[in-house]
Structures are given as structure tokens and as C-alpha cells.
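In what follows, chains are A, B, ... by sequence order, proteins preceding strands, each numbered from 1.
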Amino acid sequence: MNLEIEEKQATIFDIQRFSIHDGPGIRTTIFFKGCPLRCRWCQNPESHKSGIEVAFYKERCAFCFDCKDVCPEDAILESEDVRINFDHCSTCGQCVSACMNDALRLVGKRWNALTLLNEVLKDKDFFDDSEGGITLSGGEPTMYSAFLREFLPLVKKEGVHVNMETCGMFKWDNINSILPFLDLIFYDLKLMDSKMHQIYTGVDNIMIIENLSKLAVNFSNLQARMPVIPTINDTQDNIADTVRLLKKNNLETIHLLPYHNLGEAKLPGIKTDLEPLDLPTDNGVYLLSAKKLFENQGIYVI
Amino acid sequence: MSQDRIDRIKNAVRTSRPGICTERALIWTRYFKNKENRKKHPSIQMAESLSDVLNKKSIKIYPDELIAGNFSSKRVGGSVFPELHGVVVMQDLFSFVKRETNPLEISKQEIWQLIKIIPFWLFRFLGFKAYRSKIDTFRFIADQLNARYYFINESGGIAHLAPDYEKLARVGTEGIILEVETLQEKVLENTEQWYFYESVKIIARGLARFGKRYSDLAFQMAEGESDPVRKQELLDISKVCERVPEKGAVTFREALQSIFLAQIAINLESLDNAISPGRMDNYLYPYYEKDLKSGALTREKAKELVSAFSIKMSEIVPVFSKLITKFHGGMFNGQVVTVGGIGRDGKDASNELSYIFLEVMDKLRMRQPNYHARIHKEAPGKYHDKIFEILSKGGNSPALYNDDVIVETLVRHGYDLPDARDYTAVGCVEPVCQGKSFSSTDAALFNVPIMLELALNQGRRFGSLLQAGPKTMAVSKMTSMGDVKQAFETQHGHFTERLIKDLQAIERANAAYHPTPLTSMLLDGCLENGFCSTSGGAVYNFSGIQCVGPVETGDALYAIDQAVFQDRKLTLPKLVGLLKQDLHDEKWRVYLRRLDKFGNDNEKVDDYTLYVLDTFTGNLNGRMNTRGGRYTTGLYSVTSHQYFGEVTGALPNGRRKGESLSAGIAPSNGQDRLGPTAMLSSVNRIDATNFANGLNLNVKWDSNTIRGETGRLALKNIFKTYFRRGGMQVQFNVFDPKTLLEARDNPDAYPNLLVRVSGYSAYFNDLTPEMKDEIIRRTYISV
């Protein structure tokens, strides 16, 4: 499995300003492209592959098929829902340029450290007044360790608060080298049963649990998070096991995230093996019952 | 305080259908039909006819009321001003009841009464008298009935002021008459000044008598009242109105009553728009403090009186024709109450009354008054917290005004520092000095994008052969953005001159035919100088002209630069050809629409909007009006962006003919794609100090975003940055978009949904269908 991209450039699929739920204050969240996990409930399935890819948004399509005229690989399909034959597509991007309606888009853009720095500094005034900063998200940001080693010192020099959201699947060296530049880490835990973890995320959880323990010792501002996936990881057993793991690592709180199925709408438009999970969006019921279970066992939920 | 009482009064006002009151029009007409009266000096005519109205109009005290006074014969009603815009308004007499937007009740008998007076005023109203030459007169009237390039509000009177209510409350009409008598002795009889002083005396007496009428009525009602509690209340009203507004107020209640009766009278004098009580927390505080100390008042009782006063401000509506409604939609009289801010000494002037007004505003959430809050760096934390608590709960008031920028702006444009610090907004967003400015802040509205349409077609509208503007370079000969800009500036300059010429004719007509002695009596400078405010008697005499559609124009210029000169996807003649066909080629429309737009923190794009603003302010700022003041510029559009949009051709930014322009300085609808921080960064590029007549930034929030503690903090912090970087003003619309869609499709289910339109609030159902759609589309920010 590839856990590292040794390049000084990063592929980023979105930069969202005015994020107010990804750490304190007003933040700019950077979504890195590429992830070692394939969570079935993933809300950003376009973040899985580390390379730039073409995505199709059918609501915007006017069915003019200008894309078909320019495609050198004959990879444009004329069906309503699916536009790209990914087996033929070389991601040359000519269809994207030809599309007047923004229905075909390139997901991912290459950034070097300096241009990314300039981009995030646009909201520096807002960070300062709100005690906010930037959040590295994804995808899995630790995959871009080489890039971050260059980027983060520049950010810290400007006095910007840095939060990182990670799935925990990383080589220790990759995070250790950037640890001095991080102010906060959001660490996602999904399933405690390793086999179940393998089924629902594509990998077992051994490395994730190991890394959590190491970080708990080496980093002072670690915040555990868990997406509450109804009937999958909100069971009594899984929550009890999660509580045990947290307590073992002297972690007293967990941040619960509600499940929504909006990511599934993106699946037909991209190249992916992921299939819809067919779960309803949580209107707060599951989150609340999970919250109670944690709190009954002495873990404070935020 | 009795919340039940306040709820009952509020409910009575809110459920009353707005109507048209004929009394002012009929009494005014009777006065002027008398030939002897027509021979009198205009100042005397105005003072006498207004006194006549105050003396003869029907007066009412409604159940539960503590503050007496009725604007009109209807519970919620408006008056017709036949000598001003009344003739134009009366075109619509038969459609008021049935029209879709802002219907107004009027009986058949009342319609007939008004029809009978039309012939008398047809050749006597102000717009008709403005020009000596009949050709100019008809050109002007036709032009304004079919406004394309600009719209002059002053044809309906000037108004737009924050009267010196502090003085009225303190000395009463009695004190003012004393002052005038002394001044009048120093001038020769039958001079302009003498007549002015005479007129002030007449109307001061008229206003005092108006109070006595309520005193008598309350007394009579008390005699017939069986409930002993209400009987005592009526006797109290009688006692208060016996004293004020004639005498100086002694109590908090007397001060409120005095001000309210003057508020009615000024609204009957000329245009009933933007007569603003202003900084009430500031000038009423001494009364509050004194009464509290003496035990005559409690905080709760004060809140009840403020609520009673506040509700009464919603009893007036403007009677506008369908056309004027397009410019000023939403049944809005622009009566502003401002709280907080620094005092004349530069120190924070917020006090307990500021919080009382904020609480009343939050509780009532009614159409009027239009509540504004001033903020500044040194304001107490609990003041900021109170405001953001109200806003994050989903309130769309108060609008926020940044003292740090506005005071600097006013000083730069000629205000003394203490006067600048004593500003209040009037109408929508226009800062004036309380009791000192006669600023005609809504003198005219100017349609900027139509200048670009003319520039791209040698001074003709798309599809028209008429040479409307100067013949500028043909697009086929233009080889650079410099050529495009040159043509735009020429058209803009030409119509600016035409606007000023028309506006000055109206300014002179107001001074000659419609002086306003009552207004002048409550404006510092007029008495000392011996001149009416319409002739430049006040200390400050600005006239504000609004820049409408700068963002579309800027985006359109950027689109030309990008499509024609950078990407070279189109030639200029081809682009103009597309515009003339209203961008029917969807492919090109989408291409133009997708080009970058103002509001996304892109300097290159934003620079074009800045260029348009500079052109506008360069043409107008500093020019002199006929009252001895300067023209200033404003960046707000009321609802005229909708109307001007309807009459403006397709634009290179991908906007089709007839589509609305954006409001104030907000990004073009839906075009701010990077969220609020990027949008505010674009707006922060504008030097707000160029706009002494105020600026309006509408920001719409999804209620989910700003909910709870996280939302409240984010809201507070994002505007901390905006204001620190020079932002002048901001106001909010907060709702769930679903609510609005439901309200649009099912108006009966949401009778009282209040939205912010432009510096003021209106009930959603009072808006035109297009305006409703726009409110839904407008700068929708969600996370």
C-alpha cells in the first residue's frame, strides 16, 4: 500500500475558506487528494486517488457533446448518467476545457508550497480575529509528508494555527517529522474490530491503533473523532471497545460526526469501486444514542 | 411592563390592512383653492396649510395605548401629497386595492374625493413647476415616468433627516417661539427671513395645538370610560398632551410623546420618508436616568413605553404608485432609530436605554422603525454580545454601522468632528448629523450599467435607433480596454450632467414652492440663518446620489477584457451582436457567466468594480448643489436595482436583458462562490470613505450556519475583521431557504415573515414576485 508521495508538490482537490467546524475559529481547510482507506461511507470519494482525475456532474450537463468532439481517446459515452469511459480516459483534460457548463471538471490541482501559502494567507486577517487557522484534511494529509515538511514551516512563520485531520494510517516517520508544526490533530477512529475495519474501510486497524498510542505520548493536543455510521459502528460493543482504547491512551473526549449520504451522489461521476451503502442520513437520532453510550462510560462527547 | 398590552397593540397594528387616508390631500387642496391663500408667501402657505391639517385631521386614541397620536385616519395608513408626487400617485387610484404588490385599502367614496382634486393640481404640482420652458417640463416628466438612466426622488419632496428632537423635547414649541421672536425682531418686515420666522411661529403654534387636541380627546374618552384602570391611563395621556409638545418635557414619557406628535407632523409636511428619530438612546437618557432616580419610572415601565412608541412607527405606510414602488418597495417609510456608538466627545455613549431599544426591537420584529446599531472598537463587550446574540437567533435587525469608518468619512467630506460623531443613519443607510443635516440623502438613483450599454452601441440602446447619449466610438474601431472605458466615461459624464441639471431644477422648485418650516424649525442653523432648510438654512446641506449596478458594470467590463482582449474567444462586434440578441446563444451566455466575478477575492476582477466606482464618485463627489452643499455618493439601491435591471439590456457578464442588478455593493446574484470571507475581502477593497452617503452590504445567511455558539462566534469574528479593515456597514438576512420558498408559494402561511431589503425590513409578502425571487437568490451563503 502506498502511504507516501515523495514529491514537493501536492495534489489538492479543494480549498474551503470559512470552515467553522474543523477546529477553532474561522479556518481554511485544505483537502489533499489520496487516501489509503476506502471507507464505504466516505463523503469525498473523489479524494481517494492521489492523481488528478476527470469527474462528471450530470445535473449541469446540457448534452451538447462538445466533449465528444474533442476527446482524443474516444472515452466519452453518450449515456445520461455516465459520461466517461475511464478505461480509455487519459485525463488529458480537453473535454473539461470544451465543456461550457462546468459539467466536466478536473478534480485535483497541483500546488507548490509557496503558492499554497499565498492562497491560505488570503484569510489571515480572519484567522487572527477569530483565533482560527488552517486545517489539513483530505484524503489523508500525511501522505504528503515531504510537501508538508516544506509547507508547514512557512505557515508557522506567519503565525498560523495548524490543525490536521488524519485517518491514522501513516508511517510514524511521516508524522513525526511534521509534529513540531502542528497545533492540533483530529484523529479518526472508525471500528475497533480489525476484521470489520477491513471490510468497511479496506484495511485492518492495527497500524491505526498503534499510531494513536504513539501520538498520545508524543503530542499533547490530540482529539479523537468518530463518524457515527448507523448500525455499523454505533453498536454497544464497538463503543465500549473505543472507550477502552481512549482510556488506555488517557484521552477523555471524543468528537462525534453525524453520517450523511451526500457523498454517494458523487459515485457515478468518478472512477471508483465504491458502492452506495444505502443508509439513511442521520437526522441526529443515532448520534444522540451514541453520545449517551460514550457519556455513560465516562467519555465526554463534543 | 405589561407584555399583554404590548402584544395586543402590536396585534392590532399588524392585522390592520394598510389604507390610503385622503385627509391631508383634501385639507391641503381646500387651503390652496382659496385665492387669497395663493397670494401669500410660500413659507406662510406651507405653515398655514400644515397647521390646518393638524387642526382638522381626525384624531384617535386606540385601546391600550399609552403614547397618543395617529398618522392618518386609518389604523395603518398613508397620505397623498397632491402638490408633490400626488398627481403621479393618483394615476393608480383604481388599482390600489387590487394590485399585487403593496395593495392599499381605499373606499369608492375616497377615490372619488381624490379624483375631484386632480384637475386643480394637474398643472400645479412640483415637477410641473420645476422648469420654465414647457418643452423641458414635458421632457422631464416623460423621462421620469419612464425612468431609464436615473430617477429623481426629490420631485416628491426632500425630507430625509434626523430632526433635533432633543431640542423639541427640552424647550417645547414654546421655547422655539421665544427664540424665533427674538430673531425676528432683528430683521426687516416682509423680507424672506421675516416670512420664514413668521412661518415657523405659525407651525410651532399649530404643533402645540395638535397636542391639545389629544389632551381634550383623552379627557373626553376618560369621562366615558367605565374601566377605572383605563380611565386613569386616559387621564394620564390627557395630562401629558396638555403639556407637550408645547412645553419642554419633564419626564421620559413626555419626551416620547412630544417626539411622536412631531414625528406625525413632519411626515405630513413634505415627503413622508426617512424622518428619523435617530439616536433616541442618546438624547432620551437624561430623562430616563432622572425618572429612574426619582422613582417615577422603572426599567420595565420604560421598556413598555418604548415598545408602545416603537409599534406606532409601523402605523404609517407610503402611498406610492406602481412605478415608485419599484424603486422603493416594501411599504417602508425609512424611520430610523439608531443605538450605541460614540458620543460627541469620542467616548462610548451606549447606555441602559441602548439595551432596552435592542430588547424591544428583538421582541417586536416589526416593519418599522428601522433599527440600526453603531459599533466601534471600544464598545463594551456586552454590547457586541447582545447584538450578535440577536443576530444569530435569526434576527435581521439591527444593521451594523462602523463608527471608526463613518466618522472618518464624514469628516473627510466636511463635517466637524463632534458632529460627525453624532451621526445617525436615516432612510436606508445614509449617515447624517442628528439635528444638523438637511442632506437630501435620497435625491436620485443612477443606473450605471445602462451607460455601458450605450457605450457599446455609440450612444444608442440595443435595438433602438434613437440617439440617447453622445455618439461614441463604434465597437468595430475599438482596439483596447482603454477605448471601451473612454466610451463608458463619456456616456456616464453626459448623463451625470443631465441628472444634475434636472435635479437642480427640482431643488430650486422645492425652495420656491415647497418650503418646510416645521422641518427647518428642528434643524440647527435654519433659525440662526433665517432660511428654510430647502434654501440651505441648515448647518449641513449635502445631496446624495446613489450608484446602482456598479458590480454588474465592473463584471461586464472584466468580461470584455477577458473574452475579447485576453482569451480572444470573441471579437468586440461579435460580443455586442450577442448582447443585441439577448445572449440567446446559450453556449456563449454560459461562457460569459462563468468568467470570474466580483466577490471572490480576485484583485484583477474586483479592480473593474473599483474603476466603475471611481468613475461615479469622480463625476459627482464635490459638485455643489443649489442649497450650498455638495453632492455625495451612496452605494445602496433600495429596490431600484430590480427596476433598473428590468430596463437595462443584456450585459457582457452574461446577464440577460431585464434580469435584476445586484443590490448595493453585494456580488451579482449567486456569483460569490468562495464563501463569506472571500466576499468580504472583495468588498473590503472598496474605499468606503468615498461614499459619504452610505453603503449597503446585504449578507444572507443560512440559519444552520450561524446557529449556536459556534455560529454566533463565527458571525461576530468575521465582521470584526470586515470592520477592522474598513467595512462601513452590513446587514443580515437569516433564514432557512426552504422557509422562503414555502413563503413564496404559500403566502398566506407566512403573513409576517420579515426580511431585510436594503437598509430596511419589509414583510416578504409586501415584495413583488421578482423581489421575492431575488431575496431567495441573493448572496446565499451556506456551509
Side-chain angles (χ1 to χ4, degrees), chain A residues 14-30 43 57 59-67 69-70 96-105 118-135 137 160-161 255 257-258 260 262 281 283-284 302, chain B residues 377 384 388 392 563 567 569-570 583 585-595 599-603 606 654 672-682 684-685 699 701-702 704-727 781-783:
Chain A
D14 199 8
I15 295 175
Q16 198 164 28
R17 295 164 74 168
F18 194 67
S19 298
I20 58 174
H21 299 288
D22 293 287
I26 293 170
R27 314 190 69 82
T28 294
T29 303
I30 304 163
Q43 294 166 6
Y57 297 80
E59 290 78 15
R60 290 174 164 270
C61 180
F63 305 100
C64 65
F65 292 101
D66 284 2
C67 46
D69 298 342
V70 298
V96 175
S97 309
C99 181
M100 287 285 195
N101 297 302
D102 226 6
L104 287 164
R105 278 179 246 170
N118 288 332
E119 182 63 26
V120 299
L121 286 181
K122 284 181 175 173
D123 274 355
K124 175 76 165 44
D125 290 341
F126 294 98
F127 303 160
D128 290 349
D129 285 330
S130 68
E131 295 178 9
I134 63 167
T135 298
S137 184
V160 175
H161 179 276
H255 184 177
L257 304 166
H260 67 73
L262 298 180
T281 287
N283 56 15
I302 48 177
Chain B
K377 280 194 214 99
H384 281 146
F388 283 99
S392 65
D567 291 355
K569 293 234 180 193
L570 287 163
L583 295 169
D585 187 336
E586 188 61 13
K587 204 167 127 176
W588 285 114
R589 191 188 72 87
V590 172
Y591 163 74
L592 293 167
R593 200 79 190 136
R594 270 178 60 186
L595 293 172
N600 295 292
D601 197 8
N602 180 337
E603 198 169 354
D606 297 349
D672 47 330
R673 304 161 188 147
L674 298 180
T677 56
M679 189 270 277
L680 292 175
S681 296
S682 283
N684 273 144
R685 290 209 165 91
V699 183
W701 299 90
D702 163 18
N704 287 320
T705 308
I706 59 161
R707 191 171 293 158
E709 184 61 9
T710 309
R712 191 184 65 79
L713 272 177
L715 203 60
K716 184 174 155 178
N717 286 325
I718 194 172
F719 290 103
K720 192 165 148 191
T721 306
Y722 169 69
F723 284 133
R724 180 166 66 80
R725 297 198 304 200
I781 297 168
S782 71
V783 170

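Between the CG atom of A/Asp125 and the OG1 atom of B/Thr677 there is a distance of 10.5 Å, given to the nearest 0.5 Å. The structure places CG of B/Leu715 at 9.0 Å from CD1 of A/Ile26, a figure rounded to the nearest 0.5 Å. With values rounded to the nearest 0.5 angstrom, A/Glu131 atom CD is found 8.0 Å from B/Asn717 atom CG.
Across all non-hydrogen atoms, the minimal contact from B/Thr710 to A/Ile20 is CG2-O, 3.4 Å. Closest non-hydrogen pair, B/Asp601 versus A/Arg17, comes out as OD2-NH2, 2.6 Å.
Interface summary for chain A: among B/Arg594, B/Glu586, B/Lys587, B/Lys716, the most heavy-atom pairs under 4.5 angstrom belong to B/Arg594.
Interface remark: B/Arg593 contributes no atoms to any contact with chain A (heavy atom separation under 4.5 Å). Neither the backbone nor the side chain of B/Leu713 comes within contact range of chain A; no heavy atoms are under 4.5 Å apart. Residue A/Asp123 touches chain B through its side chain alone, counting heavy-atom pairs closer than 4.5 Å.
Partner A/Asp129 forms a side chain to side chain donor-acceptor pair (under 3.5 Å) with one of B/Arg724, B/Lys720, B/Arg725 and no other, that one being B/Arg724.
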